[in-house]
Amino acid sequence: MWTPLHASVHTTLKQKQLLGTGERVLLAVSGGQDSLCLLQLFLDLSKKWSWDLAIAHCDHRWSYDLGLAEHVETLAERYGLPFYLKTASGLQETEAAARNWRYQALTDIAQRGGFTAIATGHTQTDQAETFFYNLMRGTGADGLTALTWQRPLSPTLRLVRPLLDISRTETLAFCQLLELLIWEDAANQELKYARNRI
């Protein structure tokens with residue numbers, strides 16, 4: 001099924017020159033609605049772009065993540081995509097520690113697998129959250145620019161965020177339309193995390 005969201009992301013990829021034809025793209029899939037939306041969009045768009053796709057999942061080993069890695073692995077099997085798993089050991093239960101570890105884990109997987117890009121499901125909503133989070137922390141002008149469409153991780157690898165002008169409401173509607181199995185992340189209800197309070 002080709003939706004307006006497919007057309008929007010396809011146009012964004014071309015206009016922002018985020019990815020080229022035939023690239024090896026590692027999809028960061030958490031199991032939540034934004035990453036599932038990204039996964040389905042890229043599976044469908046790959047017919048036009050001839051990407052070589054794979055799924056990576058980062059398991060924090062936190063109590064509310066129980067069963068999540070297996071859920072994402074099942075998705076990879078269903079779609080016939082290679083699956084890469086990184087599992088943390090004694091990771092401090094903070095947003096900053098988790099984010100830093102995830103980016104390092106994804107970079108390691110991508111470099112070992114010869115990928116040229118890592119795609120994440122960050123949305124317009126994440127962009128706004130990051131802006132306010134940085135504002136609350138008292139960041140300088142650079143911090144207020146929040147998330148970027150892409151950034152280099154190494155000379156041969158970059159991070160791309162193709163959904164940055166799409167809202168979380170839109171990703172949810174897309175998942176519901178296509179009946180995608182969203183993992184309800186209990187961590188998103190934890191008010192001890194600043195982003196959830198925002």
Side-chain angles (χ1 to χ4, degrees), residues 26-39 54-76 83-113 115 117-154 157-164 166-169 171-172 175 181-198:
L26 185 65
L27 302 172
V29 177
S30 67
Q33 70 184 50
D34 298 338
S35 69
L36 285 189
C37 178
L38 176 80
L39 171 59
I55 290 176
H57 178 74
C58 297
D59 184 358
H60 302 101
R61 303 267 309 178
W62 293 343
S63 58
Y64 36 72
D65 287 340
L66 191 62
L68 178 52
E70 291 81 2
H71 173 71
V72 177
E73 185 173 13
T74 299
L75 290 174
F83 175 70
Y84 298 88
L85 175 66
K86 278 278 189 180
T87 304
S89 177
L91 181 64
Q92 186 181 358
E93 205 168 315
T94 68
E95 290 174 275
R99 181 175 56 252
N100 292 338
W101 173 75
R102 279 196 308 273
Y103 279 122
Q104 186 57 57
L106 290 169
T107 299
D108 289 346
I109 293 169
Q111 289 179 327
R112 289 173 188 270
F115 293 91
I118 299 169
T120 67
H122 289 108
T123 64
Q124 196 176 67
T125 310
D126 295 302
Q127 178 90 301
E129 287 173 0
T130 300
F131 174 85
F132 286 112
Y133 180 67
N134 289 345
L135 191 64
M136 284 169 35
R137 289 188 341 187
T139 188
D142 288 346
L144 294 181
T145 58
L147 302 175
T148 57
W149 286 96
Q150 62 180 311
R151 69 179 174 93
L153 297 173
S154 80
L157 178 67
R158 68 199 183 286
L159 177 75
V160 297
R161 299 180 174 110
L163 307 185
L164 268 191
I166 293 165
S167 72
R168 195 160 286 154
T169 302
T171 64
L172 177 59
C175 290
L181 295 174
I182 301 169
W183 181 272
E184 296 299 336
D185 189 352
N188 287 338
Q189 310 306 318
E190 280 285 350
L191 294 182
K192 67 181 179 180
Y193 299 128
R195 285 182 182 274
N196 294 344
R197 294 195 301 275
I198 291 169

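Within the 4.5 Å cutoff, no side-chain heavy atoms of Trp101 are placed close to those of Gln92. Contact of the His71 side chain with the Leu181 side chain is registered, since non-hydrogen atoms from C-beta on lie closer than 4.5 Å. Between Asp59 and Val72, every side-chain heavy-atom pair lies at or beyond the 4.5 Å cut-off. Between Tyr84 and Leu106, the closest side-chain pair of non-hydrogen atoms is not below 4.5 Å.
The main-chain N or O of Arg168 is found under 3.5 Å from a side-chain atom of Thr125 such that the two form a donor-acceptor pair. Remark: side-chain polar atoms of Ser35 are paired, donor with acceptor, to backbone N or O of Ser30 under 3.5 angstrom. Of the possible donor and acceptor atoms, none in the side chain of His57 sits under 3.5 Å from a partner among the backbone N and O of Leu85. With Arg61 contributing its side chain and Gly90 its backbone, the two residues share no donor-acceptor pair below 3.5 Å. Judged purely by atom type and a 3.5 angstrom limit, Glu73 has no side-chain atom pairing as donor or acceptor with the backbone of Phe83.
From Thr120, atom OG1 reaches atom CG of Asp34 across 9.5 Å, with rounding to the nearest 0.5 Å. Interatomic distance, OG1 of Thr171 versus CG of Leu36, reported as 9.5 Å (0.5 Å rounding). Between atom OG1 of residue Thr94 and atom CG of residue Asn100 there is a gap of 8.0 Å, rounded to the nearest 0.5 Å. In this structure, CG on Leu163 lies 5.0 Å from CG on Leu38, to the nearest 0.5 angstrom. Rounded to the nearest 0.5 Å, atoms CZ (Arg158) and CG (Leu153) are 10.0 Å apart. To the nearest 0.5 Å, atoms CD1 (Ile166) and CZ (Arg161) are separated by 14.5 Å.
Heavy atoms from other residues, nucleotides or ligands lying under 6.0 Å from CZ of Arg151 number more than 12.
Residue Leu164 comes nearest to Thr123 through the heavy atom pair CD2-O, 3.6 Å, listed as atom of the first residue, atom of the second, then distance. Across all non-hydrogen atoms, the minimal contact from Gly67 to Trp183 is C-CH2, 3.6 Å. Scanning all heavy atoms of the two residues, the minimum distance from Cys37 to Cys175 falls at N-SG, 4.0 Å.
In summary, the side chains of Gln104 and Asp108 do present a donor paired with an acceptor at a separation below 3.5 Å, with no hydrogens or angles considered.
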Query raised in the report: Does the side-chain contact (heavy atoms from CB on, under 4.5 Å) test come out yes or no for His60 and Arg102, once each step is laid out?
Result: CA-CA 9 Å; His60 302 101; Arg102 279 196 308 273; 3.0 Å; yes
